[in-house]
Participant: 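Structure provided below as structure tokens; questions to follow.
Letters go in sequence order (proteins before strands), and every chain restarts at 1.
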Amino acid sequence: MRMKKNIFFKILITFSTLFALCFIWHTYGFAIGEVAVGLNAGATYDLNAMEELASRYNLAMEYYSANNAGTETDQITVPHAPVFGLNVRYQFNFFFFRIGYHYTAPFQSMDGSITPAGGTRNKIKMDVFQASVPTTIGLLVPMGSRSYFFIGCGPSLHHTSITITQSNPVQTSPDFSFASIDRSLSSNKRDSYTGAFVGYHLMIGAEIPVHDKFTVSVEWIHQQGNSHQIENDGIGADDAELKTPKKSINVMGDFVLFGINYYIVF
Amino acid sequence: MIFPLCKRKEQVKTNKFGVFFFGLISFFLFFMPKKLFSVPLNYAIGGYLGIAPSLGCDLQSMRQYYFYNSQSGIDGLNRTQEGYETKNGDRLLGLVGGISGKILIFENYQFRIAFNYASGILGGEGTTLYGSTPDLLEFRYSFRTIDIPFVFGIVIPFWKDIKVSFNCGTAFAYGWYTNSFTENGVTTYKGKFSGKAFPLTILLEAEYFITDKLAVTSSLSYYRGSSKLFTDEYDEDGDVDYARLNFSGYRYSIGVMYYFLSI
């Protein structure tokens with residue numbers, strides 16, 4: 001939680017600086033063009049591409065259950081996650097340059113459990129969040145006064161985290177562990193990966209005015225990116241600290257965003 | 001107790017997202033100008049036909065994963081070796097058809113609801129190898145789905161007889177997925193799964209008006225979302241399989257749209 005706060009403040013400071021630069025740039029650098037600030041809210045699905053991993057754990061639970069009568073399972077569900085963001089945009093003729101910030105984490109918990117017959121309940125929980133700073137250069141297709149379709153792409157700086165915890169990952173009577181069912185799965189009490197890296201995104205959207213200075217927008221952001229191999233901040237089944245296995249985080253995903261934008265007149 | 005424990009838990013999870021989504025729509029309604037509610041509305045209905053490449057995505061199931069060593073569904077199932085006659089199995093190409101209705105507010109905003117049916121018509125069958133010997137495996141898949149997307153979008157007129165809209169929202173999707181694996185032409189294992197999910201939905205649509213009320217439409221929609229694992233409903237083979245229903249993918253459609261009021 002403390003780490004999340006630190007990152008949030010770092011991104012906020014970066015964003016404020018960029019906003020100030022954008023302001024100065026607009027005021028002294030160009031005589032034409034417009035600057036707009038916007039707030040976004042929307043949703044995403046399969047945050048940090050966890051669906052595949054959750055599905056593997058679910059398959060392992062059901063496979064074990066099918067081969068061991070009396071096992072109880074509760075599958076991990078992959079929820080939608082709300083997205084909140086803000087952005088600053090400078091537009092000039094048919095081009096725009098935009099810097100945004102998005103934060104997303106699921107409202108609902110991603111958890112499930114398996115209780116082997118005669119064994120102890122092993123609760124598995126996945127905690128994820130993602131903060132991104134997408135920087136976009138794109139084209140505006142003007143359709144009227146402040147009515148646009150826009151399409152753009154650019155790099156995204158991601159700060160993401162995945163933490164998977166299990167309450168009783170290794171049991172001897174009866175013999176149970178996820179790793180013994182599927183070697184790609186973990187039998188640690190905690191596997192935690194946090195990293196910052198650069199990916200890229202594609203953005204498509206539309207915007208129309210609702211007031212002299214306000215517009216509303218609808219946009220879709222598709223992003224892709226893989227982190228470098230990140231060290232595990234883990235705890236083994238024997239409570240020993242772990243640094244392995246190293247893994248990369250995949251941020252491939254789609255964001256559906258609705259926004260309200262304010263055009264600053266200097 | 002009305003629901004079993006696990007179902008009640010799911011119910012609560014669904015409601016939380018529903019409250020959030022309702023809140024989001026309310027937020028934007030709040031920011032719309034007051035005079036919006038006094039302007040006349042326009043309504044339109046239409047129909048369309050199209051294709052859905054990669055319907056059902058990789059069609060993964062537990063049997064493929066653990067018994068045929070394919071961690072990527074139908075994609076990982078294709079194998080070949082000299083001396084064996086195999087046939088590549090492709091992902092399903094689906095045919096999609098639907099009807100839609102929409103309310104245009106202020107001529108620039110729209111709420112759109114639709115009913116779609118999609119079914120795989122090509123692909124989804126082949127012959128591959130499995131095991132260390134190896135042995136021949138014939139496989140066959142089918143996937144059908146209905147969905148009701150609910151999207152909100154922005155409509156922008158382009159020249160005088162074209163409208164382009166960009167819409168985002170979610171859909172209620174229900175699917176039926178079957179698979180069949182025949183080992184060495186002798187033993188056949190069948191699976192049958194059905195269930196629902198709520199994929200995210202994005203729709204880009206263009207309309208060309210051939211009269212002042214009738215338009216030809218072309219649209220590209222994108223779904224993203226899948227279900228939890230469902231238990232095999234086919235019992236006669238004595239085998240139990242598990243699979244999720246994946247509704248993610250693109251759909252391209254063309255159709256017509258009738259507006260109740262002239263544009």
Participant: If I measure from the heavy atoms of chain B, does Ile204(A) come under 4.5 Å with its side chain, its backbone, both, or neither?
Facilitator: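 Both backbone and side chain.
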
Participant: Parallel, tilted or perpendicular: which describes the rings of Phe181(B) and Tyr141(B), with under 30° parallel and over 60° perpendicular?
Facilitator: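 Phe181(B) and Tyr141(B): perpendicular rings.
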
Participant: Let me know if Gln60(B) has heavy atoms under 4.5 Å from chain A in its side chain, its backbone, both or neither.
Facilitator: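 Side chain of Gln60(B) only, per the 4.5 Å heavy-atom cut-off to chain A.
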
Participant: Examine whether an atom of Ala60(A) lies under 4.5 Å from a heavy atom of chain B, and if so say whether it belongs to the side chain, the backbone or both; otherwise answer neither.
Facilitator: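 For Ala60(A), backbone and side chain are both near chain B.
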
Participant: Regarding Asp254(A) and Tyr222(B), is there a side-chain donor-to-acceptor distance under 3.5 Å anywhere?
Facilitator: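 On atom types as modelled, these side chains qualify, holding a pair under 3.5 Å.
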
Participant: Using non-hydrogen atoms only, which part of Tyr66(B) is less than 4.5 Å away from chain A: side chain, backbone, both, or neither?
Facilitator: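 Answer is side chain: those atoms of Tyr66(B) sit under 4.5 Å from chain A.
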
Participant: Of the listed residues (Leu59(A), Asn58(A), Val256(A)), which shares the most heavy-atom pairs with chain B below a 4.5 Å separation?
Facilitator: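 Answer, by heavy-atom pair count under 4.5 Å with chain B: Leu59(A).
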
Participant: Which region of Ser165(B), side chain (C-beta onward) or backbone (N, CA, C, O), has a non-hydrogen atom less than 4.5 Å from a non-hydrogen atom of chain A, or is it both or neither?
Facilitator: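 For Ser165(B), the backbone is the part near chain A, not the side chain.
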
Participant: May I ask you to say whether Arg98(A) pairs ionically with Glu219(A), meaning some side-chain N is under 4.0 Å from a carboxylate O?
Facilitator: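 Result for this pair is yes, salt bridge flagged.
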
Participant: Once you measure the plane-to-plane angle for His222(A) and Trp220(A), does it fall in the parallel (<30°), tilted (30-60°) or perpendicular (>60°) bin?
Facilitator: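 The rings of His222(A) and Trp220(A) sit tilted, inter-plane angle from 30° to 60°.
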
Participant: With chain B, which of Val78(A), Leu257(A), Ile181(A) has the greatest number of heavy-atom pairs at distances under 4.5 Å?
Facilitator: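 Option with the greatest count: Ile181(A).
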
Participant: Under 30°, 30 to 60°, or over 60°: which ring-plane class applies to Phe152(B) and Tyr109(B), parallel, tilted or perpendicular?
Facilitator: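 Plane angle under 30°, so parallel.
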
Participant: Identify which part of Arg244(B) has an atom lying under 4.5 Å from any heavy atom of chain A, answering side chain, backbone, both or neither.
Facilitator: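 Side chain only.
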
Participant: Measure Ile202(B) against the heavy atoms of chain A and call it side chain, backbone, both or neither at under 4.5 Å.
Facilitator: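 For Ile202(B), the side chain is the part near chain A, not the backbone.
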
Participant: Would you call the rings of Tyr130(B) and Tyr68(B) parallel, tilted or perpendicular, taking 30° and 60° as the class edges?
Facilitator: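 Because their plane-to-plane angle is over 60°, the rings of Tyr130(B) and Tyr68(B) count as perpendicular.
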
Participant: Specify the closest pair of heavy atoms between Gln64(B) and Asp58(B), including all atoms of both residues, with the distance to one decimal.
Facilitator: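 Closest approach of Gln64(B) to Asp58(B), heavy atoms only: OE1-O, 4.5 Å.
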
